[in-house]
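For reference, the structure is listed below as structure tokens.
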Amino acid sequence: MRRRKEPKWLQAAKARGGVADEGDFLSRALSRAGVLPPIEAERAIRDGRVTVNGKVTTVVVAPLEPEDVVVVDGERVDVRPTTRVLAFHKPKGLVVDGRDPEGIGTVFERLHALVPPDLRGFGWLAVGRLDRDTTGLLFFTNDERFVAHATDPETKLPKRYVATVSGKVSDAKLETLRAGVELDDFTTQPAQAERRGERQVVLTLTEGKFHQVKRMLGAVGLATLELHREAVGTYVIDVELDALRELTDDEVQGLLGYRPRHLG
Ligand code: URA
């Protein structure tokens with residue numbers, strides 16, 4: 001079988017080896033490691049249920065060293081860094097935000113309803129944003145280094161969108177989308193743009209500014225009727241609408257170009 005050439009973004013990500021580490025503190029370490037979700041971790045610490053090296057520590061932001069021994073409710077816990085990534089197929093309507101003044105629902109509320117019991121102790125971050133009316137692939141992770149990897153334009157991790165549009169998808173418009181579009185506040189990086197059927201544009205971007213796809217399409221005279229994100233890196237969404245699954249270490253590394261922290 002012929003081996004496929006490794007994409008450039010993946011080679012670059014491997015060569016870079018991740019972003020710099022930040023110091024850790026007690027409550028964050030507990031929720032990053034999946035011991036307790038953030039609010040519960042803070043409560044446990046304030047309530048005196050957590051010891052560090054044998055001493056009760058009630059300071060939520062107490063600094064933590066890798067060799068420290070942490071005990072919660074009498075049990076030793078493992079607070080070594082780990083990377084967990086969940087792929088969620090976002091339905092329309094949910095907002096990618098902790099707050100939801102319109103009361104329709106947030107992706108975090110859905111996540112908490114769907115996440116399996118063994119993953120409930122983690123503090124989850126959304127990786128990038130999708131508009132409320134956009135469907136498709138949204139990652140959650142416990143690892144802010146993975147967020148930086150996936151969202152930093154320098155990583156050049158491709159994000160593939162399928163837009164259903166009104167208007168004629170001409171070759172000239174596709175060419176403009178590929179070359180870079182001048183928007184009010186910036187000019188877009190070169191992108192891939194293809195036609196899919198009569199009314200769809202498949203746009204692959206390595207950056208993710210606010211409403212970027214809709215604004216790019218608008219700039220060439222195409223109004224977006226529907227927007228769906230179907231792939232990030234070489235991972236193509238494979239979960240049903242409104243469902244999620246955890247990616248394996250091999251998928252995180254091989255398809256998204258990020259070495260999980262627990263692999264060292
Ligand atoms: N670009 C947009 O315009 N909307 C999204 O949700 C994602 C990318």
Side-chain angles (χ1 to χ4, degrees), residues 9 85-102 104-111 124-141 146-167 169 173-174 176-197 199-244 255-256:
W9 61 266
V85 178
L86 304 175
F88 175 53
H89 191 154
K90 178 191 172 296
K92 266 190 197 177
L94 300 182
V95 70
V96 185
D97 201 316
R99 295 156 308 134
D100 178 29
E102 290 165 64
I104 300 172
T106 74
V107 292
F108 294 101
E109 289 162 355
R110 263 332 267 147
L111 168 69
W124 294 107
L125 309 163
V127 182
R129 300 180 71 87
L130 292 177
D131 297 336
R132 197 190 268 280
D133 58 354
T134 300
T135 60
L137 177 56
L138 178 70
F139 291 126
F140 293 104
T141 184
F146 176 74
V147 179
H149 164 82
T151 54
D152 185 346
E154 289 295 309
T155 310
K156 300 212 182 304
L157 188 68
K159 285 106 190 164
R160 191 163 88 222
Y161 296 90
V162 183
T164 307
V165 295
S166 74
V169 183
K173 288 176 186 174
L174 292 174
T176 307
L177 291 168
R178 286 182 196 124
V181 181
E182 222 176 288
L183 300 175
D184 288 345
D185 45 345
F186 77 111
T187 302
T188 63
Q189 292 292 315
Q192 289 175 38
E194 306 299 332
R195 190 183 295 109
R196 188 182 282 177
R199 287 273 168 260
Q200 288 191 323
V201 178
V202 181
L203 207 51
T204 305
L205 308 181
T206 53
E207 53 185 351
K209 300 256 173 38
F210 187 60
H211 293 328
Q212 184 163 342
V213 172
K214 292 174 186 167
R215 291 166 71 201
M216 287 175 74
L217 292 169
V220 297
L222 296 171
T224 303
L225 304 176
E226 305 266 338
L227 186 59
H228 177 74
R229 181 154 72 185
E230 67 175 14
V232 172
T234 45
Y235 170 71
V236 181
I237 194 163
D238 57 0
V239 281
E240 300 283 312
L241 184 68
D242 202 23
L244 54 77
L255 305 180
L256 303 173

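Keep in mind that the numbers below use all heavy atoms, side chains included, and drop hydrogens, waters and symmetry copies. For the single chain, residues carry numbers from 1 onward in sequence order. For ligands, and for the atoms within them, numbers begin at 1 and follow the listed sequence.
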| request: With sequence neighbours excluded, tell me which residues meet ring pair (Phe, Tyr, Trp, His ring centres under 6.0 Å) with Phe146. | output: Tyr258
| field | Listed partners of Lys214 passing salt bridge (charged side-chain N to carboxylate O under 4.0 Å, His left out), at least two apart | value | Asp131, Asp133
| task | Quickly, which of Arg229, Glu240, His228 forms a side-chain contact (heavy atoms from CB on, under 4.5 Å) with His89? Name it, please. | result | His228
| request: Test Thr135 against every option in Lys90, Glu230, Lys92 by the side-chain contact (heavy atoms from CB on, under 4.5 Å) rule and name the one that passes. | output: Lys92
| task | Check for a donor-acceptor pair, side chain of Gln189 on one end and backbone N or O of Thr206 on the other, with a separation under 3.5 Å. | result | no
Which pairs of N or O atoms, one from ligand 1 and one from the protein, are separated by less than 3.5 Å, and what is the distance for each pair?
residue, atom, partner, partner atom, Å
ligand 1, 1 (N), Val213, N, 3.1
ligand 1, 3 (O), His211, O, 3.3
ligand 1, 3 (O), Val213, N, 3.4
ligand 1, 3 (O), Lys214, N, 3.1
ligand 1, 4 (N), Asp131, OD2, 2.7
ligand 1, 6 (O), Asp131, N, 2.7
ligand 1, 6 (O), Asp131, OD2, 3.4
ligand 1, 6 (O), Thr134, OG1, 2.8

| query | Excluding sequence neighbours, so at least two apart, what forms side-chain contact (heavy atoms from CB on, under 4.5 Å) with Thr187? | reply | Glu182
